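What follows is a set of notes on a single structure, which appears directly below.
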Amino acid sequence: MSEIVIYTIITVSVIGIIAAIILFFASQKFKVYEDPKIDLVEEALPTANCGGCGYPGCRNFAEACVKADDLSNLYCPVGGNEVMKNVAEILGKNAVDKEKQVAVIRCSGSYNVRSRTNNYDGAENCTIVANLYSGDTGCQFGCLGLGECVDACGFDAMYMDEETGLPVVIQDKCTACGDCVRACPKDIIELRNAGKKDRRIFVSCINEEKGGIAKKSCEVACIGCSLCVKACNYDAIEINNFLAYIDYEKCVLCRKCVDVCPTGSIHEINFPARKIKPQKKEKSENPDLVKIAKDKNSSETKE
Amino acid sequence: MSKINLVTKGFLKENAVLVLFLGLCPTLGTTTSAINGLAMGLATTFVLIMSNTVVSLVKSLIPDMVRIPAFIVIIATFVTVVELTMQAFVPELFEVLGLFIPLIVVNCIILGRAEAFASKNNVFDSILDGLGMGLGFAFALTILGAIREILGSGAIFGMKFFSGDGMLVFVLAPGAFLVLGYLIAITNKINSKKA
Amino acid sequence: MSKLFTVSPSPHNYGKDTVRSLMYGVIIALIPTLAISLYFFGLGALIVTLVSVVSALIFEYLITKFLLKKQPDILDGSALITGLLLAFNVPSNLPIIIIIIGALVAIGIGKMTFGGLGNNPFNPALVGRVFLLISFPVQMTSWPLPIQSRMHYLDAMTGATPLGIVKEGIKNGEKVSDLMSQIPSHMQLFIGNMGGSLGEVAGIAILLGLAWLLYKKVITWHIPISMIGTIVIFTGILWLINPDKYLDPLFHVLTGGVLLGAVFMATDYVTSPMTHKGMIIFGIGIGFLTVIIRIFGAYPEGVSFAILIMNAFVPLINMYVKPKRFGEVINNG
Amino acid sequence: MLKTFSKGGVHPAENKLSAEQSIKTLPIPKTVTIPISQHIGAPATVIVKKNDIVKVGQIIAQSGGFVSANIHSSVSGKVTKIDSFMDSSGYKKQAVVIDVEGDEWDESIVKNNEVIRDCNLSSEEIIKKVGELGIVGLGGATFPSQVKLSVPKGMTAEVLIINGVECEPYLTSDHRLMLEKGLEMLVGTSILMKALNVTKAIVGIENNKKDAIEHLTKLSEKFSGIEVQALKVKYPQGGEKQLIKALINREVPSGGLPIAVGAVVHNVGTAYAVYEAVQKNKPLFERVVSVTGKSVKNPSNYLTRIGTSVSELIEAAGGLPEDTGKVISGGPMMGKALNTIDVPVTKGTSGVLIIPEGESRRGKVSDCIRCSKCVSVCPMGLEPFLLMTVAEKQNYERAEKEKTMDCIECGSCSYTCPSNRPLLDYIRLSKFEVGKIMRSRKS
Amino acid sequence: MLNLNDLGRLLIMAKKTESTLKNMLVALFVIAFISSTTLGYVYEFTKGPISDARLKKKVEAIKIVVPEFTNNPNLDSYKIPSDMPDSLECYPAYKDSTLVGTAIRTFSDIGFSKRIYLMVGFLPNGTIHNISVLEHSETPGLGDKMDKKKSKWSEQFNGKNPESYKLKVTKDGGNVDAITAATISSRAYAQAVDRAYKAYMANKK
């Protein structure tokens, strides 16, 4: 063994030992305690950073979960019950099961049922239009059709339908994070329980004007006739300001209200086609409705 | 992840240079010609495979706190071996690459793979990973070198096909940045299409 | 109601300036320079300008249509200006293939890589020019003699630029006063009778263009004046210190594309700062760098590099130099 | 060299088509729709019921807060409906519909045209009267005047500025008012001076109204402390902050009110309304409206009762032209486009402008070429291109830092942009969102 | 010093070693020891070939610049002073004990970047036989044309005697045609040759 080899071995080994000692003491001295559970919880989360939980990002939500004594106020809408169950397991706490929700668009005023009253010529942004005036049709509550909700969606779960000029939610991709709800300046989008077998019934209109005026500006508007309230056996429907609202907690999906609605503004989603066509034909005249009833298995639901 | 995937991901999906932007110093510095790029790439591949193997073997022995010095020592050893061997047996190549061979030690790809892959996976997978990442690196460097050589000196692998000078800028450093930029853009395009 | 009104947010009154009108304003301002270069360099100038402009337009069209997949609008004037400016920045005996490469680099790398008009951080024509200068130093630094080479293109007689002669001479320890006999007089420089790139020779034509641009309010005075002013002051100080070693300020301004750079290149909308204060800082920076490169650097002229370097600082200038806000609370203590 | 404000500004084509037309009185319509929210601030509360009979000048809605104003009936007749109707804002809002029967004025109103110069009321009494009679700023912003006249504690008004600039193209209502009711307007000014306790007032008028300048200069000799100042023609000189800068060279601090620099600004229309209110007891129920536009048959200025439908105004000026593309309530720079002409004239309607089809559309939007024209024309020293970009990227914190709230929405940036970018649209969006953020921070 | 039992246990243990002082010391020491040993032996092994390769390169350069010789110039080398602090290395070439030429390793600092090293071969009468570039970092495509591999520019020196052939570029009043657009590099090249010539003549016995 030549001298060089020996010297090499000695120097390198000594450096190694010294480094080990320094590192050991440094690690003792500068140890920062961070709950390792935060990392674990964060890993269990979908890390979409959508803010649907009410926290600025997944890490903040994870921190909140670790800190909280009780998980009942914390819910990740994207991950759903499954993720929350995992989180609860990591933390040894109990998760509260919440019904899966999905965004629905409460306006069905497509081009063919809502006549234009002017031409808009400005920036393509719903909020800008909403601040300027009530929109380019007679209905001042309806969808403006410039797709700010679609832009806001971080999951590609929405698109604008070219034919109707309305946004469409792709149910399978929707995580109910609520970004679209916050983005819509007209408050048209609502998160509703997905319902049994993904079946839902809701009033697809938020027009609060008197029946006659509403009907004039939009053929499929809710006119506040209260026929549905009478039809409902479960007290699930209420009318305020000439507008019906179906409480999804109370609704049992019996479909009676859909049959009686004279304007077809109550929509049913993912139901099988009816055996007997309703007697009054104009009830289901809305082409969208017929289509929905037909493709019951379609994952993309027009709402 | 399938075994084949381990090797192929280094070429496009997780290419060290074109996607992860690691080891840019040798990438920009050595790729004046295709052959230089290839040689540098192969040298790195060798070190990468060896260090991945060893790191994966000893991963459970090394305490967390000293893992980085340990990895660096392992890597440095292999780099020095490569350096000395090259100097002894291929001095012409060493003359061109000599400056950059020691830099392999701090090439982020190698430490990065040791830290991110080899210290968590078994030996066989680590070898495949080293092979894939290394070949991907060599692939990127060769392409980069080839483009720079073609445009800059009108030649490919030293064979001239165009009399007269090429566009000098490609032999110089700015050309390296330019070509790298466009290669990254093309890779992104391909990857985004696949995804 | 039979007819629908248009509704839009205010204002409902729109100015007459369009991108196109501004660009064509610049092109009109370039005409005197083009005319003078045609007078001095004749055939070569014609070929170089035509090739440069046509290839710039073609590349603009092809890249916008097939790579960016946008509706190409090659007649908005921006590619035309890039083509013209590129031609103005090269010698009149440049081989056609090199000009085409220059146009490809200017449009392709300088402009379209960043997303087209409005998004490029560097002046496209200068990117093309500097690319050519580094790639083809031999062809890019042999300048045809004015007037004599009017009827020749590739076989023109060449000579050095005045700045090149002086720089070489000073390096060899010769005195400036001796060197001045070898180069044209200031008056000759002013009308453009010297070796150099197509558009950089004639000060008078460029000043005409400047007057037009200022009159039409296409550009403001801030960049040209601050840039030329800095060069004059800086070189003036050096000249006063040692007139044997340093050239006089007027000579510096009239040669090496200072005027062309100050009026047409540095003032490029896209690559210059947004505020007047920022423009002045930008101009001073260019002037300063130009002199530094000329006197201490390897190249005899430095305008292109100085502009490109300052282009890189524009985002920073925009970030930190803000216009004076109305009603900003100023504390006088 | 005429005075003007120092920074930014544009000079659009003036197009003062109706400048030579003296003010005509529009016939009283058959029915009027009087919105109860015609001013900035809280809407008023309706105090009449359906089928009530009202007289001209009778109060029909009570001020709904400190920043609010009373609303008076502009006609005599029967209240037929109290419901929501589309107003010029484009939204349906509550309004009172009155069917006209005769023209019976409230007894307290002095109906003759005699000019009463002397006013014996104290400052408080004047302010009270201005508030009761529903006077709001008639320049367009419709800020309740009594609020402006009540100087906050710790501040003193030094100078009253009367805004006769009328920098918006096309509009001529203030111009005509100054020519025809100059004396009354100056009396109103001296009343305002008294209310504010100031000894100096400046009437600022742009130099394209030479006759008005001459006329008022002559009249003002009879009033002590009132000075008429000609100004260089430049938009947006009529903006409060710009006008103060131009006339007394003071800058209202960012986020502050004019009173912070000792100035109070009132429009000439307001001064005239104040005169009528204080000296004649007449509430604000009519105003001068210019009906103009290149294709309008007879561009003219009408004294119009509040609540008259815009369509009737247009009818009086020769009907809606064939090629109408856009109808604007107000001027072309800051006015509001209407989506129907069946909306009522309100206290803030300074003009109705009809733009032909050919000029109504914006040009094709292209990428920003960073020409910096928007920066140099912005009278507030902002960077519109940047504000638009951050608004598009929804980076509202940055927008706030870049002083988006200082924007006066004059539209100079959008006007000048060669790429036709909707700069102001997005700045307005960012103001809206930043305002939300700021409010949430306060609460 | 090293407990083999410990090491064995460490190797078998599937669980991650904890960061205690002892473990850290042992792990780092073992790795450092193995590495350095390996390196030491590789060094020993490659020492010979490396020096051979270096020598071979030098001899090859000498072979190019002087006529055929039979001795080992490397063994006979000597140093001569130059006008700069650094001295020049001389490699005399003998053919059957007759001096046929001398190769001088010379340099210049006035190039475009860094120092340029040349090997200049002089015949005994001072005539330049041949020149080869040992090291340079001139601009590719311009200054690097001084290299024989890139262009025939340097051949103009061959067979010239600097006594009559002025080693300056034509621009400076000499006889050397500069490389187009690379006057600075050419000037440095000429200077290096001139330096070698002057030192050689001054030290010629």
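Every chain is numbered from 1, with letters handed out A, B, ... down the list of sequences. Nothing here was measured: the structure is a model prediction, and the numbers come from that model.
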cation_pi(E:R105, E:Y117) dist<6.0 Å, angle<=45:
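Here E:R105 passes the 6.0 Å and 45° test against E:Y117.
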
Segment of [X] engaging chain E (4.5 angstrom heavy-atom cut-off):
X: B:P91; answer: side chain
X: B:V81; answer: both
X: B:F78; answer: neither

Can you list every salt bridge (charged side-chain N to carboxylate O under 4.0 Å, His left out) pair that touches residues 47-57 of chain E, not counting sequence neighbours?
B:E95-E:K57

Can you list every pair that meets salt bridge (charged side-chain N to carboxylate O under 4.0 Å, His left out) and has a residue in residues 114-139 of chain B, with sequence neighbours left out?
B:K3-B:D125, B:K9-B:D129, B:R67-B:E115, B:R113-B:D129

Inspect the surroundings of CZ in E:F45 and state if more than 12 heavy atoms from other residues, nucleotides or ligands are less than 6.0 Å away.
no

Measure E:S35 against the heavy atoms of chain B and call it side chain, backbone, both or neither at under 4.5 Å.
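Interface part for E:S35: both.
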
